[in-house]
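Whatever order the structure lists them in is the order used to number ligands and atoms, beginning at 1. Residues take their numbers from the sequence shown, with the count starting at 1.
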Amino acid sequence: MGAAPVADALAERAYEPVIGLEIHVQLSTRTKMFCGCELSFGEQPNTRTCPVCLGLPGTLPVTNAEAVHFGLMIGMALGCEPAPRSIFHRKNYFYPDLPKGYQISQYDIPLARDGRLGDIRIHRVHLEEDAAKLVHAGASGRIHGAEASAVDFNRGGTPLVEIVTEPDVRSAAQAAEWLRLLRVTLRQLGVSDVNMEEGSLRCDANVSIRPAGEATLGTKTELKNMNSFRFLERGVNAEVARQEELLREGGAVTQETLHFDPRTGALSPLRSKEEAHDYRYFPEPDLVPIAPTEEMLERARSALPELPAQRAERLESDMGLVPDTARLLAFRSDLGDFFERAAAARVGDDSKAIANWIVGELVANIGDADPADTKLEPESLAALVGMVREGTVAGSAAKDVLTTLVAEGGDPAEIVEAENLGAAGGDELARVVDQAMADQADAVEKIRAGNDKATGAVMGAVMRATEGRADGAEVQRLIRERL
Ligand code: ADP
Ligand code: MG
Ligand code: ZN
């Protein structure tokens with residue numbers, strides 16, 4: 001075989017991305033992982049420190065029980081098996097944000113392992129401490145003429161849980177979607193602020209590609225600290241494209257750590273495998289193992305709320321919602337709570353219609369705001385949806401009523417009455433339809449000839465004449481009756 005057919009074969013080959021995620025979650029405990037300092041929320045730099053989290057010689061760490069509790073909750077929520085006994089290790093490296101010269105983390109025996117969230121298997125969940133924060137002051141902070149960086153130790157020692165997935169993700173979009181599921185799950189647990197912009201949720205993506213159908217994994221690269229869902233998706237897509245181009249040209253992927261610059265879209269190496277750190281892990285001699293008692297396990301288990309994935313299933317199977325709507329409501333618990341209160345307020349079964357009004361009109365009205373913070377009561381939404389079903393108010397007019405309810409509250413029936421928004425009906429509507437059909441004689445001819453789309457012209461005329469107060473289905477019926 002000559003060079004050309006080989007090149008052609010490479011050019012045509014289909015590749016499959018393989019992605020594994022490593023997620024760091026800052027826990028919202030009261031105090032740090034191994035000392036009594038309170039967690040910092042934008043206080044003056046270096047005001048939330050003590051000899052332990054500054055790494056001064058002679059100090060001893062003590063494990064934060066609340067962090068262990070949160071860690072167990074996360075492990076259980078992700079379907080992992082908590083280890084009967086796990087230990088801490090020292091992970092050694094030298095960096096200005098790490099005063100001890102090592103990070104206390106977990107290594108061969110993590111807190112929990114072997115779980116699943118959605119379609120993705122969880123490899124492990126472990127506890128560790130966050131590093132301090134380097135503040136690059138640049139030219140404005142010159143010391144002895146050189147550009148300066150400063151260290152803020154307030155963040156140093158913040159409890160972290162690291163979650164490592166199996167390489168089960170197959171696309172950048174799936175990675176972002178799954179991370180959203182993880183975030184909403186963690187939020188529901190109440191163990192973290194899970195804010196990517198503020199760094200309480202951080203994600204590294206391990207990326208490789210392989211010829212479609214192949215079972216062995218390709219060489220992976222690691223994208224560090226994707227700090228938004230959009231950047232994660234863009235970064236992974238850029239890296240998959242880069243690797244494909246490399247392989248199509250007959251080259252090979254080098255195992256390395258990469259930085260994705262969201263401004264330029266460029267990927268640049270941070271370090272390669274050759275210069276990878278040798279962390280010289282060894283067991284932390286100053287800390288006792290974590291051996292959860294039955295009481296600790298039970299306490300974590302009973303602290304678990306209904307999780308978004310379970311709620312989505314319940315909304316689908318018990319309330320008959322379609323999967324997309326169920327997921328939307330389950331993943332935004334404020335909407336889900338509002339929906340369940342509104343659905344409970346109905347005697348009849350308007351659940352599906354109420355859900356559609358929430359994910360459609362209501363979200364269009366209030367965006368990311370919590371509906372419970374508006375003037376709209378779940379009971380009034382339920383009543384409004386019931387009026388639409390009964391035909392006492394037309395859909396388009398009901399949208400205006402909803403806007404009023406959101407801004408001012410009140411009773412939907414009274415608003416309909418006061419603003420004369422009640423559905424046009426009876427003789428009034430019949431007269432309007434007669435008039436519209438007389439005015440739209442061309443359209444009526446087309447409808448007679450079998451062109452159903454021409455109904456739109458008559459419908460439009462009726463809606464204009466009634467200012468949107470006509471019920472579409474009723475108008476359709478009246479038109480047919482007259483043909
Ligand atoms: P390392 O030893 O380099 O940290 P690990 O085996 O611990 O690698 O895996 C780290 C992360 O990388 C995990 O999320 C895992 O699923 C993922 N991963 C491992 N191998 C690959 C691969 N070939 N392609 C994509 N992701 C991978
Ligand atoms: Mg790793
Ligand atoms: Zn401290």
Side-chain angles (χ1 to χ4, degrees), residues 15-24 29-40 43 46-56 59-64 67 78 91 99-100 104-108 110 113-117 119-126 128-132 152-159 162-172 174-175 178-179 182 202-211 214-224 226 232 235-236 239-240 243 247 252-258 270-279 281:
Y15 289 99
E16 172 186 61
V18 174
I19 301 150
L21 302 175
E22 294 173 271
I23 300 100
H24 286 92
T29 49
R30 193 177 65 81
T31 56
K32 291 187 180 180
M33 187 67 221
F34 299 113
C35 65
C37 292
E38 288 188 21
L39 297 195
S40 172
E43 282 76 17
N46 296 309
T47 53
R48 295 270 162 115
T49 64
C50 74
V52 176
C53 58
L54 287 174
L56 300 188
T59 56
L60 285 172
V62 177
T63 305
N64 182 336
L78 300 181
K91 179 179 180 178
K100 296 192 294 291
I104 303 179
S105 181
Q106 294 194 294
Y107 183 50
D108 50 358
R113 55 173 28 140
D114 295 335
R116 164 180 294 280
L117 177 68
D119 301 337
I120 308 301
R121 289 172 302 154
I122 306 293
H123 179 59
R124 57 185 279 154
V125 171
H126 75 242
E128 59 187 32
E129 59 178 336
D130 208 349
D152 176 5
F153 287 98
N154 283 358
R155 193 181 76 177
T158 299
E162 180 174 339
I163 298 163
V164 182
T165 76
E166 296 292 349
D168 288 349
V169 181
R170 292 291 173 270
S171 72
Q174 191 192 3
W178 184 82
L179 193 60
L182 177 67
R202 314 197 281 265
C203 181
D204 305 338
N206 297 270
V207 180
S208 67
I209 60 172
R210 62 184 173 191
E214 187 104 20
T216 48
L217 296 176
T219 304
K220 73 174 161 79
T221 58
E222 186 172 358
L223 303 185
K224 276 287 179 200
M226 311 269 94
L232 170 67
V236 170
E239 176 55 8
V240 167
Q243 291 188 12
L247 296 196
V253 175
T254 315
Q255 185 171 334
E256 59 190 345
T257 303
L258 299 169
L270 283 173
R271 53 179 180 264
S272 71
K273 193 183 183 186
E274 284 70 48
E275 37 181 331
H277 288 119
D278 173 6
Y279 292 119
Y281 279 100

In terms of atom number and element, which parts of ligand 1 are under 4.0 angstrom from non-hydrogen atoms of V18?
24 (N), 25 (C)

Any N or O of T219 that comes nearer than 3.5 Å to an N or O of ligand 1?
no

Counting heavy atoms only, which of E222, K220, E166 is nearest atom 21 (C) of ligand 1?
K220

Is a side-chain donor or acceptor of N46 paired with a backbone partner of F153 at a separation under 3.5 angstrom?
yes

Scan D130, T63, L39 and name whichever one has a side chain to side chain contact (heavy atoms under 4.5 Å, CB included) with P159.
L39

E129 and salt bridge (Lys or Arg N to Asp or Glu O under 4.0 Å): which single residue from K91, K100, K32 fits?
K100

Salt-bridge contact D108-R124 (side-chain N to carboxylate O under 4.0 Å)
no

Do ligand 1 and E22 have nitrogen or oxygen atoms that lie under 3.5 Å from each other?
no

Between C50 atom SG and C53 atom SG, the angle centred on the Zn ion (ligand 3) rounds (to 10°) to 110°

Using only heavy-atom distances, determine whether the side chains of H126 and E128 contain a donor-acceptor pair under 3.5 Å.
yes

If we only count N/O pairs under 3.5 Å, is T165 in contact with ligand 1?
yes

Would you say V207 has any N or O atom under 3.5 Å from an N or O of ligand 1, going by distance alone?
no

Element-labelled atoms of ligand 1 that are located less than 4.0 Å from some non-hydrogen atom of P167
16 (O), 26 (N), 27 (C)

SG (C35) to the Zn ion (ligand 3) to SG (C37) angle, given to the nearest 10 degrees
110°

Assess, by modelled atom type and distance only, whether the side chains of T221 and Q255 contain a donor and an acceptor separated by less than 3.5 Å.
no

Check the side chains of N64 and T31 for a donor-acceptor pair under 3.5 angstrom, ignoring hydrogens and angles.
yes

Short list, please: which atoms of ligand 1 are under 4.0 Å from a heavy atom of G218?
23 (N)

Has ligand 1 got any nitrogen or oxygen that is less than 3.5 angstrom from a nitrogen or oxygen of V164?
no

Between N154 and E43, do the side chains contain an N or O donor and an N or O acceptor separated by less than 3.5 Å?
no

